[in-house]
Amino acid sequence: MNSHLAANDDVPFSYPVKVGHISANPVRIGLSANAEELKGLAKLWDVVSVEYLKSELQVTRWKKDGLKITGDVRAALTQSCVVTLEPVSSVIDEKIEQIFVPEGSKLARLMPNEQGEIVLDPDGPDIPDQFSGDTIDVGVVVAEFAALAIDPYPRKPDVDFSEYTDEKAEADKKPSPFAVLKDWKKD
């Protein structure tokens, strides 16, 4: 997730925050995508439509130069069922917790344990993301957290994959050219 550096015209949902404007006191930010942004997100995510995208965030200072973003993202979207291609509605409700540090900060590196090994803990905290300049685009952060929650294989609840298996394809398969040899006997 290194795309939330400075504000970017190519992203459909953008809300730049100046890092210097965040003090020790938390800043609350409420975001809601407008109709044009929803269309852009649907195209970006390759879904039929996005009905809404909303987020409530709290941005606070982290260590000396970093920022911590916490909150939630909620979205409703429509995808095509991977089996029937009919519309499938889904709702996203995800928690956001992300730390950002300036580009090149030693806090962004993996720190070795006592044995000098670098260990990645899937349940542990993520490595902080880096930002360049003096701006973090929290809109991009929100959109990325929502995108990660989208079901890559949506299907209607009543659809059973077994109805659409390749049984017919199995029956239509030509026999292997070697199948005729299995009954062949040596003289």
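From a predicted model like this one, the values you see are computed outputs, not experimental measurements.
- The two atoms that bring Ala149 and Glu94 nearest to each other are CB-CG, 3.5 Å, heavy atoms only.
- Shown here for Ser80 and Pro154, the closest heavy-atom pair between the two residues is O-CG, 3.4 Å.
- From Phe131, atom CZ reaches atom CG of Asp65 across 7.0 Å, with rounding to the nearest 0.5 Å.
- Side-chain contact between Thr60 and Leu67 is absent, with no heavy-atom pair separated by less than 4.5 Å.
- We find the CG-OH distance between Leu38 and Tyr52 to be 11.0 Å, quoted to the nearest 0.5 Å.
- Shortest non-hydrogen contact noted between Ala42 and Ser49 is CB-CA, 3.9 Å.
- Taking CG of Leu57 as the reference point, atom CG of Leu31 lies at 5.5 Å (rounded to 0.5 Å).
- Expressed to the nearest 0.5 Å, how far CG of Leu41 lies from CG of Asp46 amounts to 13.0 Å.
- At least one side-chain heavy atom of Val101 sits under 4.5 Å from a side-chain heavy atom of Trp62.
- Every residue meeting the salt bridge (charged side-chain N to carboxylate O under 4.0 Å, His left out) condition with Arg74, not counting sequence neighbours, appears here in chain and number order: Asp72.
- Atom CG of Leu85 and atom CZ of Arg155 lie 14.5 Å apart (nearest 0.5 Å).
- Within the model, atoms NZ of Lys68 and NZ of Lys63 stand 10.5 Å from one another, a figure rounded to the nearest 0.5 Å.
- For the pair Glu103 and Ser132, the tightest heavy-atom approach, listed with the atom from each and the gap, is OE1-CB, 3.4 Å.
- Side chains of Ile150 and Gln79 form a contact here, defined as non-hydrogen atoms less than 4.5 Å apart.
- By the rule that hydrophobic residues join a cluster once side-chain heavy atoms approach within less than 4.5 Å of another member, Val82 and Val88 end up as members of separate clusters.
- You'll find the side chain of Leu77 reaches within 4.5 Å of the side chain of Trp45, heavy atoms only.
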Let's go through Phe145 and Gln98 carefully: what are the C-alpha distance in whole Å and the side-chain angles of both, what is the deciding distance for side-chain contact (heavy atoms from CB on, under 4.5 Å) to 0.1 Å, and is it a yes or a no? CA-CA 10 Å; Phe145 269 85; Gln98 190 69 44; 3.6 Å; yes
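- Counting heavy atoms from C-beta outward, Tyr15 and Ile136 have side chains that stay 4.5 Å or more apart.
- Thr78 and Glu51 form a side-chain donor-acceptor contact under 3.5 Å, judged by distance and modelled atom types alone.
- Using a 4.5 Å heavy-atom threshold, the side chains of Val59 and Pro26 count as separate.
- Heavy-atom contacts from other residues, nucleotides or ligands closer than 6.0 Å to CG of Asn34 number more than 12.
- Here the side chains of Glu37 and Leu53 are not in contact, with every heavy-atom distance at 4.5 Å or above.
- Two residues are said to be in side-chain contact when any heavy atoms from C-beta on lie closer than 4.5 Å; Asp151 and Ser90 fail this criterion.
- For the pair Gly20 and Arg61, the tightest heavy-atom approach, listed with the atom from each and the gap, is CA-NH2, 4.0 Å.
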